[in-house]
Q: 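Before anything else, here's the structure in question.
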Amino acid sequence: MNDPFGQAIRDYFEKGSAPDIRVDTNYTENESVPVSYLFRALKDMPKIEQKALQLSSGKILDVGAAAGCHALVLQNNNKDVTALEISPMASEVMKKRGIKKIVQKNIFEYREELFDTILLLMNGTGIGGTIVGLKKLLSHLKTLLNTKGQILIDSSDIKYLFEEEDGSIWIDINSTAYYGEMQYEVKYKNHSSEFDWLFIDFDKLGEVAKEVGLKCELIYSGEHFDYLAKLSK
């Protein structure tokens, strides 16, 4: 499996350091992600993530758990959390870090249990990849929710990337694609992966949620066009 994130997580866990993960997109190039960020403690997390963890209750599913930083905080606070992660290497690292409940699986293939809280953090809408993919994702997550359950998901409105010097926003009105639909290429050492990744503004998220029968509530707004939303039946 070509798994740049998993390999980086394993290297950092085993060696205490690792080169940055490199990221190119259709809008940006040569950005870097320090692997240490995937191992951050609660005090080093953005307020949006801290707020989401604070609101997490009941039986919790942490989707895209990576190195397990969110799952560890919840577990250490005696909360019932299951960490779901597609990467075998990242899942093995979480096991060695002491996370008790780990599911190594694609979220679209997971149907085993129902949850009171489903967490999708670090731009959780990205997992959908596109608007169409997000509809599919939310429809599936809805089937994993208990009656009064909640989905806590964060994203950003990236229209600032298209801002002109006079403050106006330039977006290609002839494009049929939503401007937050991005194409990513992630590289770590000799590992690379290409995939779609979605950033979505809050109003658009509300529209998508309504289409699949979910309510959408704004919980927290960050300082850089980012936000935390709560979805429920």
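Remember, it's a predicted structure, so these values are computed and weren't measured experimentally. Throughout, numbering of the chain's residues begins at 1 and tracks the sequence.
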Q: Mind jotting down which residue pairs meet the ring pair (Phe, Tyr, Trp, His ring centres under 6.0 Å) criterion with at least one end in residues 32-67? Sequence neighbours excluded, please.
A: Tyr12-Phe39
Q: If the condition is ring pair (Phe, Tyr, Trp, His ring centres under 6.0 Å), which residues does Phe115 pass it with, not counting sequence neighbours?
A: none
Q: Does the Arg40 side chain pair with the main chain of Cys69, one donor and one acceptor, at a distance under 3.5 Å?
A: no
Q: Can you pull out every ring pair (Phe, Tyr, Trp, His ring centres under 6.0 Å) where at least one residue sits in residues 46-86? Sequence neighbours excluded, please.
A: none
Q: Just to verify, what does Asp196 make a salt bridge (Lys or Arg N to Asp or Glu O under 4.0 Å) with, not counting sequence neighbours?
A: none
Q: Could you pull out all residues at least two apart from Glu29 that satisfy salt bridge (Lys or Arg N to Asp or Glu O under 4.0 Å)?
A: none
Q: Just to verify, what does Phe13 make a ring pair (Phe, Tyr, Trp, His ring centres under 6.0 Å) with, not counting sequence neighbours?
A: none
Q: Does anything in residues 121-135 pair up under side-chain hydrogen bond (donor to acceptor under 3.5 Å, both in side chains), and if so which pairs, sequence neighbours excluded?
A: Asn123-Thr125, Asn123-Ser155, Thr125-Ser155, Lys135-Glu211
Q: Under 3.5 Å, is there a donor-acceptor pair between the side chain of Lys136 and the main chain of Gly128?
A: no
Q: Give the other cluster members for Ile48, using side-chain heavy-atom distances under 4.5 Å between Ile, Leu, Val, Met, Phe, Trp and Tyr residues; answer none if it is isolated.
A: Leu42, Met45, Leu53, Leu55, Ile60, Val73, Leu74, Val81, Leu119, Leu121, Leu152, Ile219, Tyr220, Leu228
Q: Using the test salt bridge (Lys or Arg N to Asp or Glu O under 4.0 Å), find all partners of Glu14 that sit at least two apart in sequence or belong to another chain.
A: none
Q: Of all residues at least two apart in sequence or in a different chain, which pass the side-chain contact (heavy atoms from CB on, under 4.5 Å) check with Asn106?
A: Ile86, Phe108, Glu109
Q: Which residue pairs satisfy the side-chain hydrogen bond (donor to acceptor under 3.5 Å, both in side chains) criterion with at least one member in residues 56-66, sequence neighbours excluded?
A: Lys59-Glu113
Q: Mind checking salt bridge (Lys or Arg N to Asp or Glu O under 4.0 Å) for Lys230 and listing every partner two or more places apart, or none if nothing turns up?
A: none
